[in-house]
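Quick notes on the structure that follows.
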Amino acid sequence: MSEISKAYTPSEVEDKWYEKWVNSGCFKGEPDSSKEAYSIVIPPPNVTGVLTMGHVLNNTIQDILIRRARQTGKSAIWIPGTDHAGVATQTKVEKVLRSEGTCARELGREKFIARAKDWRDTHGGIIIEQLKKLGASCDWPRLVHTLDDGYSEAVLTAFVKLYKQGYIYRGKRMVNWCPVNLTALSDEEVIPRHEKGKFYKMKYRVAEEPDTYLEICTTRPETIMGDSAVAVNPSDERYKHLIGKHCVRPFPEAEIPIIADRYVDMEFGTGALKITPAHDPADFEIGQRHKLPIIDIMNPDATMNALAGKEFEGLTREAARKLAVKKLDEMGLLIEIQDYEHNVGYSERGDVPIEPRLSDQWFLKYPKIQEAKAAVENGLIKFWPKRWEKTYIHWLDNIRDWCISRQIWWGHRIPVWYKKGVKNIDFNNPEHVHVSVKGPSDPENWEQDEDSLDTWASSWLWPFATMGWPNAEKMSEKALSYFYPTSDLVTGPDIIFFWVARMIMAGLEFMGGKSDAEKIPFKNVYFTGIIRDMQGRKMSKSLGNSPDPLEIIAKYGADGLRFGVMNCAAQGQDILFSEERVELGRNFCNKLWNACRFRQMSGKIGDNSSFESIVKRIDFSKLDSDDAAVLSSLIQTSKAVQKDYESYQFNSITQRLYAFFWTDFCDWYLEVSKSRMADESSKQTVLAVQDVCMRGLLLLAHPFIPFISEELWHSMGFGAENSFLQNENPFVEKALEPLGIKEDAAALALTKNLRELVSKARALKAQYKLANKKDAVFYVSADAENAAQITANAEKLKRLAGAAEIKIKAEVKDCPAAICELGTIYLDLTGSVDSQAEKQRLEKEKAKIESAIKSTAARLSNEAFISKAPQSVIDGAKKQLEENKAKLEEIEKLIALF
RNA sequence: GGGCGGUUAGCUCAGUUGGUUAGAGCGUCUGUCUUACACACAGAAUGUCACAAGUUCGAGUCUUGUACCGCCCACCA
């Protein structure tokens, strides 16, 4: 126990406790057959990344779940790790090299990788330290990086297995090509952008009919040089007679066939489509159908090559477009240019339009698609919120083979070797191609494939590759059989295809077990919202609207940040974030701090080491309705929190904790206790009730605000020196019930009414500018029962209302009054009442009550309501009607007095 | 073109089986250093719950349609 300082300073508390937790092995996950297993794998951040608000949201939720799991007696593990982020890192390192006047190719593969590793090791790992600042209770010694030896073995093993089963194949296909990073990308990595562009209408002369021209529309005139046909719809009457003839491609000038293909939309453009098989996926398909030549006019960096012709060679796509338009115009072939809006696919990392490109790549035909669908449809894996299931199923229904090879060096090199000197490689011939994790035994005779794997083709194995798969010894060491499948996955919906869906397929494919229930990688997936700024824009570096979480932590504390963010994060809803939201969290922590401080100042802290030892100090004969009410509220809060956890309603939990602590405990109970604390006979009981409440509150709040709760837990003497809040059971109601503390509806109702009485008394004072006066006199007219309650609580009421006296009196005249559940309260203002104003106020009140009566009465006089509504609702309505009628009568009486 | 969200107080948002007179935080206004907390306390003001129709005894909540905003998917050049 230590004395609590006046203001809460998070920095003094947070680092201290984090160190203690780590040194005491609090975050270590150990298999324990007597406990239920609970596990989470972190969505691995980019190893060279820095913490963003998105990470804060995501990892706070994971930390809350894992800490709650520890509290509820599960054996919990949160496995941390980082991702090597292939293309992103390669791009950054290449940039550094360029600034040094060199480039990757000059360095060569080995040296480049060494440089990239250096770069990773100097710039990497920052985010791990930042996660610690946030309070993330990961089992750090288990940190995994996707390029670790063990993990790499998993990636290569998966490749080899899938290859041997025929799921992975090499093929020449149209892929998404990034001309900046010079690599193929998967469909998922292409970001569509809505752009304003131009639609060019031009004409090609028909070779067989010199006076006839065919009008064609295109958005990409720079590909004209690659045209190998013009297509029209076979049933298009306008062009039927031209099918089979030729038209003249203007440059390089050549006659190309006019073909018929159903793909062409007669309604769109002119109904004639130029076909560039090398540079458009749809054209490629048409080209295949009609056996058209493929004329690739671009270099890998999307500049024009020799096939485009002398004038174009070396030009960029953009320059080539300008030149092509100029030439068309000069040749008199350009008809018009229209403005046009359409989607253009961009490379996320390269930030340029992707170029469809025909190339040799490795593809994966996904395994276990149907099983992956079923796992979610049958509820083996639950999505929160559920609506993402549809997105997931839709993607699986339309799934296409995954291009997994990347023409970069930073990543897992494809474990395929080709025999040196073999010209036409036959993939079915083991003399030609070797595929294994370890490589051929005579490496000098082989050459390894140059490509690396897509980063996601490594991270899709995350849930089990982090637990030692495929190495049996490591799997046992890392307790895969105990911790797999993981319990909850927390991630953003933006990577549902990239990662979540693929992990599910990977788990089903590679994990053993009797049923899919044992193979799936996780049981629940919680999809967070996206953090945006107050204008609803995504946070981004270029907009500069992305606050640095570390600065916020420095200013408000990690607990404040966590509480603030969780408070406004409704399930799966995007969050408009601003610092003000963190203020709420910080204020909550500060108030918590001061409540404990107040408790320490109020009296010596006794044996607080358990609920039992605290309750022993309670003299049950001294408990009054306020004690019972606040304890009831605590119990209700604990029960509700449990339910909220079950349905992943984290914002609801913060709201309940806030309302209980701030409104019920501080605003009412502590204030009401003050007068009873002055009385030695009730003081110990009151303090013990406070201790029960604080103990319960800290237990419930711990996962959200781990640092301050741990600090206060110890300064309040709730835990022994080397114990931790994470090991304390949070089911408050279960602990209290055997000690004779239960929910008390009558006490809650009475407290509510007393609060109302005080509130109205204060309002009356404020109305008459007497808020500061402590010597106001009130009269209350009430029935005998209520009068007795008021008398019994008179001391407390006087203190709270700032009154010298509260007298029970049957008839009062000429005083402003307010009607309460317990009776009518009057402020003694003999002779100085502004009767006009008072009358107006009462009239307003009367109108309110009348409208309530009207609606209730209407319902009650409705036969259908009486016959169909449940009895409890009818009784409630009747009771309410009576109460309101009594109030109305009372208020009319008051009005008549003026 | 298909799908999914959102529309509730000045702002940001809760409101999970339909049930009394719709809530919170911030902001605004009026007071207050009242034996913790001004990161606080007390009081006040503020809503045709986007619009329309329907189901129902009863709709912010369910159904259908409309409008606007946002996101995702889709090879119309």
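What's counted below: heavy atoms across the whole structure, side chains too, no hydrogens, waters or symmetry copies. A note on names: the letters A, B, ... follow the listed sequences, proteins ahead of strands, and every chain is numbered from 1.
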Inset, instruction - Report yes if a side-chain nitrogen or oxygen of A:W395 is closer than 4.0 Å to either non-bridging phosphate oxygen (OP1 or OP2) of B:rC72; otherwise report no. - result: no

Legend entry - A:W662 CH2 to B:rA42 P, straight-line distance once rounded to whole Å: 10 Å

Legend entry - Base-pairing mate for B:rC29 - Watson-Crick or G-U, with both contacts under 3.5 Å: B:rG43

Legend entry - Opposite nucleotide pairing with B:rC13, Watson-Crick or G-U, both atom distances under 3.5 Å: B:rG23

Legend entry - Strand partner of B:rU35, provided both Watson-Crick or wobble distances fall under 3.5 Å: none

Inset, instruction - Give a yes/no on whether any side-chain N or O of A:Y340 is located under 4.0 angstrom from OP1 or OP2 of B:rA77. - result: yes

Inset, instruction - Indicate, yes or no, whether a donor-acceptor pair under 3.5 Å links the base of B:rC75 to the side chain of A:Y263. - result: yes

Legend entry - Between A:W388 and A:F383, ring centroids under 6.0 Å: no

Legend entry - side-chain N/O A:N587 vs B:rA40 OP1/OP2, d < 4.0 Å: yes

Legend entry - Closest nucleotide among B:rA36, B:rU16, B:rC41 to the A:E671 side chain: B:rA36

Inset, instruction - Check whether any side-chain nitrogen or oxygen of A:S855 sits under 4.0 Å from OP1 or OP2 of B:rU21, and answer yes or no. - result: yes

Inset, instruction - Scan every strand shown for a Watson-Crick or G-U wobble partner of B:rG1, both distances under 3.5 Å, and answer none if you come up empty. - result: B:rC73

Inset, instruction - May I ask you to evaluate whether A:K390 reaches the phosphate of B:rC4, defined as a side-chain N or O under 4.0 Å from OP1 or OP2? - result: yes

Legend entry - Whole-Å gap separating C1' (B:rA74) and CG (A:D397): 14 Å

Legend entry - Separation of atom CG in A:N567 from atom C1' in B:rG25, rounded to whole Å: 7 Å

Inset, instruction - Establish, with yes or no, whether the OP1 or OP2 oxygen of B:rU21 is under 4.0 angstrom from a side-chain nitrogen or oxygen of A:K854. - result: no

Inset, instruction - Would you kindly say whether A:N176 and A:D187 are connected by a side-chain donor-acceptor distance under 3.5 Å? - result: yes

Inset, instruction - Examine A:R859 relative to A:F865 and say whether NZ or CZ is less than 6.0 Å from the centre of the six-membered ring and inside a 45° cone about the ring axis. - result: yes

Legend entry - Distance, rounded to the nearest Å, where A:R387 contributes CZ and B:rG2 contributes P: 21 Å

Inset, instruction - Figure out the CD/P separation between A:E756 and B:rU21, and round it to whole Å. - result: 17 Å

Inset, instruction - Find out whether A:K274 and A:Y204 are in side-chain contact, i.e. whether some heavy atom of one side chain is under 4.5 Å from a heavy atom of the other. - result: yes

Legend entry - A:R562 charged N/C atom sitting above A:F704 aromatic ring, 6.0 Å / 45°: no

Inset, instruction - State which of B:rC13, B:rC26, B:rA36 makes the closest approach to the side chain of A:L576. - result: B:rC13

Inset, instruction - Write down the distance between CD (A:E579) and P (B:rC39), rounded to a whole number of angstrom. - result: 15 Å

Legend entry - Options B:rU16, B:rC39, B:rG5, nucleotide nearest the side-chain atoms of A:R586: B:rC39

Inset, instruction - State the pairing partner of B:rG60; accept Watson-Crick or G-U wobble contacts with both distances under 3.5 Å, and report none otherwise. - result: none

Legend entry - More than 12 heavy atoms of other groups within 6.0 Å of A:E863 CD: no

Legend entry - Any A:R762 side-chain nitrogen or oxygen under 4.0 Å from OP1 or OP2 of B:rG43: yes

Legend entry - Touch class at under 4.0 angstrom, heavy-atom based, for A:N884 against every strand present: base

Inset, instruction - Measure from NZ or CZ of A:K674 to the centre of the six-membered ring of A:F598 and say whether it is under 6.0 Å with the direction within 45° of the ring axis. - result: yes

Legend entry - Gap between atoms NE2 and P, on A:H394 and B:rG2 respectively (whole Å): 12 Å

Inset, instruction - Would you indicate which nucleotide in B:rA44, B:rU21, B:rA14 comes nearest to any side-chain atom of A:Q655? - result: B:rA14

Inset, instruction - Quickly work out the A:R597 CZ to B:rC37 P distance and round it to whole Å. - result: 5 Å

Legend entry - Pairing partner of B:rC68 (Watson-Crick or G-U wobble, both distances under 3.5 Å): B:rG6

